There are 2 protein chains.
Amino acid sequence: MTTAKRDTYTPETLLTVAVRVFNERGYDGTSMEHLSKAAGISKSSIYHHVSGKEELLQRAVSRALDELFAILDEEHARAGRSVDRLEHVVRRMVEVLIAELPYVTLLLRVRGNTATERWALERRRDFDHRVAELLKAAAADGDVRGDIEVRLATRLVFGMINSIVEWYRPEARGASGREVADAVTRLVLAGLRQA
Amino acid sequence: MTTAKRDTYTPETLLTVAVRVFNERGYDGTSMEHLSKAAGISKSSIYHHVSGKEELLQRAVSRALDELFAILDEEHARAGRSVDRLEHVVRRMVEVLIAELPYVTLLLRVRGNTATERWALERRRDFDHRVAELLKAAAADGDVRGDIEVRLATRLVFGMINSIVEWYRPEARGASGREVADAVTRLVLAGLRQA
DNA sequence: AGAGTAACCGAACGATCGGTCGGGACAAGG
DNA sequence: CCTTGTCCCGACCGATCGTTCGGTTACTCT
């Protein structure tokens with residue numbers, strides 16, 4: 001029983017199209033008409049696969065959040081010196097962000113207009129706090145410079161990492177995911193580590 | 001002839017309200033009904049002051065762009081060693097971003113759905129290129145590390161700076177504008193400068 | 001007081017929004 | 001062959017979109 005169906009849409013394949021359009025036009029700027037044009041099926045047919053526009057958003061941001069939270073469960077993020085665990089998390093965040101680029105992009109742009117968006121914002125805050133605690137622990141160990149506030153540094157580092165979604169394009173072979181992860185890790189840790 | 005009118009709206013004061021709402025709900029997610037509620041006047045009254053929704057966006061992003069471009073004309077951005085001019089521009093970008101927070105926030109979120117948005121994106125790209133050339137010159141002087149591509153570093157630095165709009169709130173006395181500018185400049189330059 | 005005008009309003013415009021509905025095309029299984 | 005269920009469609013729903021319009025209020029100037 002292999003998946004030998006006709007080339008028809010599933011909720012997953014439809015999501016791929018929807019997320020692309022959401023990122024191009026913004027979630028609010030995307031109508032179901034836009035989605036139907038991009039998917040090549042009628043507007044009403046979309047409702048055969050998903051309950052509506054918001055379910056597509058929910059599926060997309062959930063996927064991104066799950067991948068990000070999974071980083072914190074990895075071995076190198078749980079054991080070892082705090083500053084090294086932080087380095088691992090930073091590197092993996094960049095890698096996940098690039099591997100799941102459209103989904104993370106959408107996640108980082110939600111504004112909180114609907115219940116789904118507010119739920120996503122809340123989970124994002126949870127994740128941020130977990131990483132902030134890592135940086136705080138590294139500071140307590142004396143492994144990062146003391147002349148920049150931990151809270152401020154966390155936000156700036158997140159800002160740099162998250163900004164990748166604004167310019168990274170996998171098709172344009174400017175820099176591979178690994179190269180970007182290297183550069184970010186080097187730049188951030190060089191700026192943070194105790195001289 | 002001082003401006004001793006009644007407390008009535010002008011295009012400028014209306015813009016202040018509109019930009020606030022745009023940032024809360026997103027431009028596409030904001031209806032003229034939302035604006036009228038926030039401004040305390042009727043929907044149709046808004047059209048007495050401005051030609052429509054898009055003019056408000058145009059005024060806002062123009063203001064942000066003008067302030068940013070003005071940085072490049074400042075003396076410290078035009079004379080001296082490239083790496084020092086870069087440091088000055090980075091610091092001033094943070095300061096302008098904080099001083100004109102709502103306007104720059106809106107600018108950084110345009111997606112390109114309308115002609116106005118596409119024009120804003122183009123001017124932003126111009127600004128980015130100007131700063132990238134500064135970093136390139138500093139690299140040619142041997143003042144910044146050579147193991148990170150200039151193009152990549154530019155984008156990451158812009159990412160860190162621009163991310164400030166996502167969390168900085170002037171009313172919450174967490175860190176003053178100057179403190180943030182200090183931290184960013186230190187973090188960025190420590191990561192960039194040749195060891 | 002009267003004229004002029006800036007500021008504002010409620011009602012309504014056509015267009016588009018997200019979503020619903022009844023039914024048709026088509027492949028699979030008997 | 002006929003049923004069954006998946007997949008899809010055009011037509012349409014009430015609501016809301018950005019915008020327009022005719023008209024009223026309220027302030028300024030003479």
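First the proteins, then the strands, lettered A, B, ... as listed; each starts at 1. Computed from a predicted model, the values in this text were never measured in an experiment. Atoms considered below: every heavy atom in the structure, side chains included; atoms not considered: hydrogens, waters and symmetry mates.
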Short side-chain N/O contact to C:dA6 OP1/OP2 from B:His49, under 4.0 Å: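 No, because none of the side-chain N or O atoms of B:His49 sits under 4.0 Å from OP1 or OP2 of C:dA6.
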Would you indicate, yes or no, if C:dA7 has its OP1 or OP2 atom less than 4.0 angstrom from a side-chain nitrogen or oxygen of B:His48?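 For C:dA7, OP1/OP2 do have a side-chain N/O of B:His48 under 4.0 Å.
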Could you check how far [atom1] of [X] sits from [atom2] of [N], rounded to whole Å?
X       : N      : atom1 : atom2 : answer
B:Ile46 : D:dC17 : CD1   : C1'   : 13 Å
B:Leu14 : C:dA6  : CG    : C1'   : 15 Å
B:Ile41 : C:dA6  : CD1   : P     : 16 Å

Looking at B:Phe69 and B:Arg123, what are the two nearest heavy atoms and their distance? CD1-NH2, 3.2 Å
Closest heavy-atom pair and its distance - B:Asp28, A:Gly29: OD2-CA, 3.7 Å
Quick test of your reading of the model: are B:Arg85 and B:Glu74 salt-bridged, counting only N-O distances below 4.0 Å? no
From B:Thr185 OG1 over to B:Glu95 CD, what is the distance, rounded to the nearest 0.5 angstrom?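 Output value for this atom pair is 8.0 Å.
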Checking [Y] against [X]: is there a side-chain donor and acceptor pair closer than 3.5 Å?
X        : Y        : answer
B:Thr116 : B:Thr114 : no
A:Thr13  : A:Thr16  : no
B:Ser31  : B:His34  : yes

State, to the nearest 10°, the angle formed by the axis through the first five base pairs of the helix from C:dA1-D:dT30 to C:dG30-D:dC1 and the axis through its last five.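 What I find for the helix from C:dA1-D:dT30 to C:dG30-D:dC1 is an axis angle of 0°.
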What pairs of nitrogen or oxygen atoms, one from the protein and one from nucleotides 13-15 of chain C, lie under 3.5 Å apart?
none

Using atom types as modelled and distance alone, determine if a side-chain donor or acceptor of A:Asn113 lies under 3.5 Å from a backbone N or O of B:Arg25. yes
Do side-chain atoms of A:Ser45 reach the backbone of A:Ile41 as a donor and acceptor pair under 3.5 angstrom?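 Side chain of A:Ser45 to backbone of A:Ile41: no pair is present.
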Is there any protein nitrogen or oxygen under 3.5 Å from a nitrogen or oxygen in nucleotides 16-21 of chain C, and what are the pairs?
from	atom 1	to	atom 2	distance (Å)
C:dC17	OP1	A:Ser31	OG	3.4
C:dG18	OP1	A:Thr30	O	3.0
C:dG18	OP1	A:Lys53	NZ	2.8
C:dG18	OP2	A:Met32	N	2.7
C:dG18	N7	A:Lys43	NZ	3.4
C:dG18	O6	A:Lys43	NZ	3.4
C:dG19	OP2	A:Tyr47	OH	3.1
C:dG19	OP2	A:Lys53	N	3.0
C:dG19	O5'	A:Tyr47	OH	3.4
C:dG19	O6	A:Lys43	NZ	2.5

With a 6.0 Å cut-off (strictly less than), is the heavy-atom count around CD of B:Glu122, excluding the residue itself, greater than 12? no
Between B:Lys53 and B:Tyr47, is NZ or CZ placed under 6.0 angstrom from the six-membered ring centre and within 45° of the ring axis? no
